[in-house]
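Just so it is clear: chains get the letters A, B, ... in the order the sequence lines come, proteins before strands, and each one is counted from 1. Worth saying up front: this structure is predicted, and the values here are computed from it rather than measured.
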Amino acid sequence: MSNKEYNFGKIEKKWQDFWESNGLFRVDNECDKDKFYCLVMFPYPSGTLHVGHGRNYIIGDVVSRYKIMKGFKVLSPIGWDAFGLPAENAAIANSIHPSIHTRNNISKMKVQLERWGVGYDWDREVTSCEPDYYKWTQWIFLKLFESKLAYKKKAAVNWCPSCATVLANEQVVDDLCERCDTRVEQKDLEQWFFSISDYAQRLLDDLETLDGWPEKVKTMQANWIGRSEGAKINFKLEGTDETIPCFTTRPDTIFGVTFMSLAPEHPIIKELINGTEYEKPVSGFVDRVRGQSTIERTSEGTVKEGIFTGRYVINPVNDEKVPLWVSNYALMEYGTGAVMAVPAHDQRDFEFARKYDLPIKIVIQPSNNETTLRPEDMEEAYVEDGVQVNSSQFDGIPNREAIPKIINFFEEKGIGERNINYRLRDWLISRQRYWGAPIPIIYCESCGAVPVPENDLPVLLPDHVEFKPHGRSPLDDVDEFVNATCPKCGSSAKRETDTMDTFVDSSWYYLRYLSSKDNTQAFDSEDVNKWLPVDQYIGGIEHAILHLLYSRFITKVFFDLKLTNFNEPFRNLFTQGMIVKDGAKMSKSKGNVVNPDLITEKYGADTQRLYTLFIAPPQRDAEWNDRGVIGSYRFLNRLWNNITEFEGHFKNVPDTEIKRDLFSEKSKELYRHINITIKKVTEDIEKSWSFNTAIAAVMELLNMVVDFSTGLKDKEFNDETDINDLNVLRLSLESIVKVLAPFVPHICEELWEILGHKPGIFSVPWPAYDEDAIAADQVEMVIQINGKVRSKLVVPSEINEDDLKSLVMNDQKIIENLDGRKIIKTIVVPRKLVNLVVR
RNA sequence: GCCGAAGUGGCGGAAUUGGCAGACGCGUUAGGUUCAGGACCUAAUGUCCGCAAGGAUGUGGGGGUUCGAAUCCCCCCUUCGGCACCA
């Protein structure tokens with residue numbers, strides 16, 4: 001009997017080298033068999049990974065390895081989302097160049113990833129801050145520019161004073177910078193945008209095709225896109241030929257308009273009040289409101305305020321003259337910046353009207369004739385459905401039916417039209433920072449904004465730069481960079497000095513993996529068409545909107561440019577939960593980071609992997625418990641010891657086929673449970689990614705195996721039954737090793753070898769199970785009286801109901817409990833229970 | 001305010017076509033082993049009553065449907081996430 005020690009350090013190194021030298025994860029671009037593109041969100045090289053990060057990569061690795069055993073050709077690449085502010089901030093703090101800082105971090109993290117035993121095709125590694133990558137990010141900018149999907153405009157944008165740069169709407173959370181939690185300010189700046197809002201409808205519609213995405217993520221995206229259907233109606237400005245358009249989702253209330261509200265930013269305000277007695281007070285109001293932060297202006301408690309402009313607009317449906325106001329609750333970013341106010345049927349308008357004593361006109365009455373609304377009695381707006389009143393030819397029509405009729409009426413009369421509005425704004429991609437891909441544009445006095453010709457790409461980031469942020473891009477101060485010649489006319493010109501949002505880098509990296517070394521094109525269309533969409537994408541829920549929406553947009557742009565033939569980048573998406581410690585997200589500042597290197601050192605990577613998978617269902621947040629790790633370690637040791645103890649036996653006793661006629665009671669039961677376990681693990685992985693219960697099932701099986709093997713240890717194996725028993729034991733251990741291989745690959749490789757097989761468990765097919773062997777001959781049935789368990793009986797599983805009932809009626813415990821009471825009803829659930837209803 | 005997810009022992013969690021609540025693991029307790037610590041092995045472990053056999057009770061709270069509810073229905077509470085003066 002040999003009893004080797006479980007030397008995880010040695011074993012893990014051995015098999016990591018083995019996979020590397022055998023190219024387990026290295027695939028070419030040919031699709032000669034079922035392909036499977038398994039993608040984990042590429043990491044930002046922050047320097048160190050903690051055990052919480054590990055979950056993402058470990059889950060991805062389980063999926064990859066499982067699919068390999070299922071016979072798929074698996075593409076599992078990795079790279080680095082390497083541009084971004086932290087590297088620049090670190091450079092400012094420690095005077096290390098961001099590129100050096102980033103490269104150092106990448107090499108540290110690469111070691112960590114390898115230590116976990118997560119397998120990637122490193123030949124495809126991409127790093128977004130390297131010129132051979134960002135050259136193509138710039139090329140993508142040019143493609144969008146050519147397609148009129150990249151444009152520059154002056155707009156009120158979010159400015160983070162701490163990061164000293166602008167931010168996209170998606171990067172502002174509750175008025176705070178998503179990255180540093182600083183309150184953002186509004187600034188009017190000239191900035192570059194991508195026209196993602198042109199794609200709003202498609203981004204919304206195609207969510208329905210994403211069956212493999214969590215509903216939650218789809219809902220979040222749908223909310224973010226925020227489609228609302230309605231009409232745009234033109235109100236004539238009294239005494240002029242000008243019209244002010246406004247958007248409404250309630251054209252049915254058009255006859256109830258009693259005033260109009262303009263957003264303080266509305267460009268028409270100036271000319272409305274110019275030279276009038278209203279000029280001073282109105283511009284005073286506008287300045288005051290615009291000085292407020294978005295939070296102050298838009299939070300629920302904010303009181304509605306406004307001021308009359310002295311002007312009137314004409315309601316085009318009834319020629320009524322209504323006053324034109326400026327109010328703080330009208331937003332320039334939504335619709336047209338002008339609101340037709342219907343106080344009777346809109347709560348905000350109602351509050352405003354009450355405050356400034358504006359008229360309230362009812363145009364919809366509740367359909368149940370019991371109550372009739374009267375303006376003077378109303379305490380809030382009536383926003384429910386009803387029947388049109390005071391609406392001339394539409395009177396008497398239910399308001400829902402009136403909506404399309406009224407819109408048709410607008411269109412016939414040329415006063416308005418059907419219109420759809422989206423909350424989604426264009427994607428602001430300019431950043432006033434150094435560590436990003438320069439926007440490939442040159443400004444020429446005579447030619448304007450000229451794109452850098454493709455041949456001149458990449459526009460290289462200069463090395464020697466003063467990083468201190470001062471509100472302009474640090475590149476602004478680098479003369480060699482700024483000064484250029486116009487590609488069109490050859491005269492001297494200036495480069496754009498803003499860099500791109502790092503979400504541009506990450507919006508297309510999954511394509512680059514197919515062509516990571518190709519310096520002639522961003523990606524090879526034929527290859528990406530073969531391998532994409534990604535079969536399984538795995539990452540954090542925090543990217544539900546940002547990265548995932550941007551990537552969908554870019555994918556659709558490529559599709560439209562006929563560069564690719566797929567409409568969506570990610571067929572299936574899995575969002576894993578966070579691992580928390582002491583109830584909080586792990587972070588250096590909170591000091592609750594669990595260092596994976598220490599765990600690997602003490603217990604090994606396999607233990608860490610197993611615990612990470614066992615801790616909770618993977619989509620749920622989970623609390624890391626250092627003590628809990630030991631349970632996984634114990635389990636692996638028990639498995640190790642059981643196999644190594646029998647190593648000699650397995651070598652000496654012939655590995656003959658299992659003979660069912662030689663089954664003992666115990667070996668038959670074990671054989672049954674081998675099959676049950678294989679089935680359970682397969683289904684848990686396939687159907688619900690319930691790795692925690694899959695592992696629990698294997699633990700149960702091992703507990704049974706340990707019990708079984710105790711009786712076998714000292715046998716001589718001279719008779720057939722004992723040999724058969726040993727081979728059932730062998731089968732059970734081999735099955736455990738196979739089904740655990742995706743979870744704890746190193747120890748399984750080693751044990752597979754110890755069990756006498758040639759190295760390489762991932763070339764072994766995933767085990768099948770024998771459905772016939774799963775059925776039990778005997779089952780334990782629960783016997784209830786009035787729903788309470790009173791006895792249990794072991795009966796043949798195919799027993800007929802009469803035999804069963806007579807067994808129940810002869811059961812001593814049941815007789816005692818019945819105590820002569822009368823049985824009214826007997827419920828029999830085959831193989832499960834009998835319930836006697838008595839009185 | 002609207003939409004969504006969740007709430008089960010001391011802890012992580014399991015059980016969903018309604019059928020033994022608490023699988024599996026951690027922790028705890030007792031015993032074994034060990035010079036000792038650790039590691040390991042065996043047993044117990046929801047709560048309450050009981051020496052025990054056994055009984056009662058129990059899945060956020062309250063009601064309901066059912067022979068039977070963690071699971072289905074209604075109302076409510078708490079936590080988390082998303083959206084929110086979006087016309």
Atom P, compared across B:A23 and B:A14: separation rounded to whole Å: 13 Å
The side-chain hydrogen bond (donor to acceptor under 3.5 Å, both in side chains) partner of A:Arg250 among A:Thr248, A:Asp252, A:Thr253 is A:Asp252
Taking any heavy-atom pair under 4.0 Å as a contact, classify A:Gln784: base, sugar-phosphate, or nothing. base
Sugar-phosphate only, base, or nothing, as touched by A:Val339 at under 4.0 Å among non-hydrogen atoms: base
May I ask you to verify whether the side chain of A:Asn223 and the base of B:C83 hold a donor-acceptor pair under 3.5 Å? no
Ring center gap for A:Phe259 and A:Phe352 short of 6.0 angstrom: yes
Tell me which of A:Lys788 and A:Ser690 sits closer to the 5' end of RNA chain B, going by the nucleotide each one is nearest to. A:Ser690
Which heavy atom in A:Ile545 sits nearest to a heavy atom in A:Met220, and how many Å separate them? CD1-O, 4.0 Å
Report yes if at least one side-chain N or O of A:Lys216 is closer than 4.0 Å to OP1 or OP2 of B:G4; otherwise report no. no
Just checking A:Ile615: base, sugar-phosphate only, or nothing, at a heavy-atom cut-off of under 4.0 Å? sugar-phosphate
Counting any heavy atom closer than 4.0 Å, what does A:Asp621 reach on the DNA or RNA strands: base, sugar-phosphate only, or nothing? sugar-phosphate
Need one value for A:Arg790: base, sugar-phosphate or nothing, where a base atom within 4.0 Å counts as base even if backbone is also close, heavy atoms only. sugar-phosphate
Salt-bridged, A:Glu351 to A:Lys355, with N to O below 4.0 Å? no
Using a heavy-atom cut-off of 4.0 Å across all strands, would you classify A:Glu215 as base, sugar-phosphate, or nothing? nothing
Quick one: label A:Glu700 by what it contacts on the DNA or RNA (base, sugar-phosphate, nothing), any heavy atom closer than 4.0 Å. sugar-phosphate
Think A:Asn692 has a side-chain N or O under 4.0 angstrom from the OP1 or OP2 of B:A14? yes
Does A:Ser228 make a side-chain N or O approach to OP1 or OP2 of B:A87 shorter than 4.0 Å? yes
Does a side-chain N or O from A:Arg634 land closer than 4.0 Å to OP1 or OP2 of B:C40, or not? yes
Phosphate-side-chain proximity, A:Asn703 and B:G25, N/O vs OP1/OP2 below 4.0 Å: yes
In whole angstrom, give me the gap between the P atoms of B:U47 and B:U59. 15 Å
With a 4.0 Å limit, can you tell me whether A:Arg638 has a side-chain N or O closer than that to the phosphate oxygens OP1/OP2 of B:C41? yes
Expressed as a whole number of angstroms, how long is the span from A:His673:NE2 to B:A23:C1'? 12 Å
Carboxylate-amine/guanidinium proximity below 4.0 Å for A:Arg354 and A:Glu379: no
